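Take a look at the structure set out below.
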Amino acid sequence: MNVGGAVGTGDTDLKPSPLSEYTHTLSRRYQHLLDKSTPLVLHRWIGFAVVVFIYALRVYFVQGFYIVTYGLGIYILQLFLAFLSPQVDPELNDGPSLPTRGSEEFRPFVRRLPEFKFWYSLTKAFCIAFMLTFFSMFDVPVFWPILLFYWLVLFVSTMKRQIMHMIKYRYVPFTFGKRKYTGKKAASVDDAASGRP
């Protein structure tokens, strides 16, 4: 019985179990590593290339799991399309659009799927696919050239549609920052320093 109005004292306090404390600590460390890797773009993509190479070696030496690889390819295609698409689809948006003329204000391209999430999703997908190659129930016997041909047809048709969308709404999914003009100012400073009119 609670006497004196003291709330939350006694045996009713819930303490986290050691397992939940361990998983919480582990998830915090994992998130810390992800946060530290965010600015290291080149290193992350090199690590991803290593993961892809290991997965490709596994599939090559096992000579199977083509259906897992096909599913992985479809997922990669879906992620790539989200990476190339603007966050707000100009087809559905009635508000401000992407700049179409050089005289309009510079607005950087904002992706539907940012680069870090693109990299993270790809890396997770390859790691999961790699783990699936250790279970024989996912090794469905298929004729892999048909899957490859079908994936190539899907890739070409979806990329054609995406490129037509880019042309129609005049956007390029890659920006390298705002252009800097440094032509005439530098020449006038040199002239003033030399004493020439």
Side-chain angles (χ1 to χ4, degrees), residues 1-62 64-89 92-93 95-96 98 106-140 151 155 158 162 171-178:
M1 187 169 151
N2 192 358
V3 179
V7 178
T9 59
D11 294 334
T12 60
D13 287 343
L14 296 176
K15 293 182 181 179
S17 70
L19 180 63
S20 67
E21 284 182 11
Y22 177 73
T23 56
H24 180 69
T25 304
L26 196 63
S27 69
R28 287 187 61 189
R29 286 183 182 168
Y30 179 68
Q31 187 62 45
H32 178 71
L33 286 175
L34 284 178
D35 292 342
K36 282 178 63 175
S37 72
T38 300
L40 306 173
V41 177
L42 181 63
H43 293 91
R44 285 190 284 115
W45 284 103
I46 289 172
F48 170 71
V50 169
V51 170
V52 170
F53 182 71
I54 290 170
Y55 176 76
L57 280 179
R58 170 80 178 147
V59 170
Y60 176 75
F61 285 124
V62 173
F65 298 98
Y66 301 120
I67 201 77
V68 172
T69 305
Y70 176 73
L72 179 63
I74 296 294
Y75 183 66
I76 290 169
L77 184 60
Q78 181 260 334
L79 287 176
F80 188 60
L81 287 175
F83 179 71
L84 292 178
S85 300
Q87 186 175 24
V88 178
D89 191 0
L92 305 174
N93 187 20
L98 296 169
F106 172 77
R107 283 180 251 147
F109 183 80
V110 180
R111 302 176 186 285
R112 185 181 309 161
L113 182 68
E115 182 270 337
F116 180 80
K117 289 185 179 180
F118 179 57
W119 166 81
Y120 185 64
S121 298
L122 283 175
T123 306
K124 271 196 324 188
F126 270 95
C127 290
I128 290 170
F130 181 75
M131 295 305 293
L132 292 178
T133 61
F134 290 100
F135 300 98
S136 62
M137 68 182 185
F138 296 111
D139 191 12
V140 178
W151 186 85
F155 178 78
T158 54
Q162 185 68 27
Y171 68 90
V172 179
F174 304 103
T175 57
F176 302 104
K178 190 173 182 178

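Excluded from the calculations below are hydrogen atoms, water molecules and symmetry mates; all remaining heavy atoms, backbone and side chain alike, are included. Keep in mind the model is a prediction, meaning the values are calculated, not measured.
We find the CG-CG distance between Leu77 and Leu81 to be 5.0 Å, quoted to the nearest 0.5 Å. Note: Leu84 CG to Thr158 OG1 = 10.0 Å, rounded to the nearest 0.5 Å. Distance CZ/Phe80 to OG/Ser121: 14.5 Å, rounded to 0.5 Å. Between the CZ atom of Phe155 and the CD1 atom of Ile76 there is a distance of 11.0 Å, given to the nearest 0.5 Å. Between Met131 atom CE and Ile128 atom CD1 the span is 10.0 Å, to the nearest 0.5 Å. For the atom pair Tyr60 OH and Phe53 CZ, the distance stands at 11.5 Å (nearest 0.5 Å).
Closest approach of Gly73 to Trp151, counting heavy atoms only: O-NE1, 3.0 Å. Smallest separation of non-hydrogen atoms from Val59 and Gly64: CG1-O, 3.4 Å.
A cation-pi arrangement is present between Arg58 and Phe134 under the rule of less than 6.0 angstrom and at most 45 degrees off the ring axis.
Not counting sequence neighbours, Glu21 has no partner by the salt bridge (charged side-chain N to carboxylate O under 4.0 Å, His left out) test.
Between Phe138 and Thr133 the shortest side-chain heavy-atom distance does not fall below 4.5 Å. Within the 4.5 Å cutoff, no side-chain heavy atoms of Val51 are placed close to those of Tyr55. Looking only at side-chain heavy atoms (C-beta outward), His43 and Ser37 stay at 4.5 Å or farther from each other. Between Leu122 and Trp45 the shortest side-chain heavy-atom distance falls below 4.5 Å.
Using the six-membered ring where Trp is involved, Phe83 and Phe118 have ring planes that are parallel, under 30° apart on the 30 and 60° scheme. Taking the six-membered ring where the residue is Trp, Phe116 and Trp119 present tilted rings, their angle falling between 30° and 60°.
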Exercise for review: Decide yes or no on side-chain contact (heavy atoms from CB on, under 4.5 Å) for Phe126 and Leu72, but give the supporting numbers first.
Suggested key: CA-CA 7 Å; Phe126 270 95; Leu72 179 63; 3.3 Å; yes
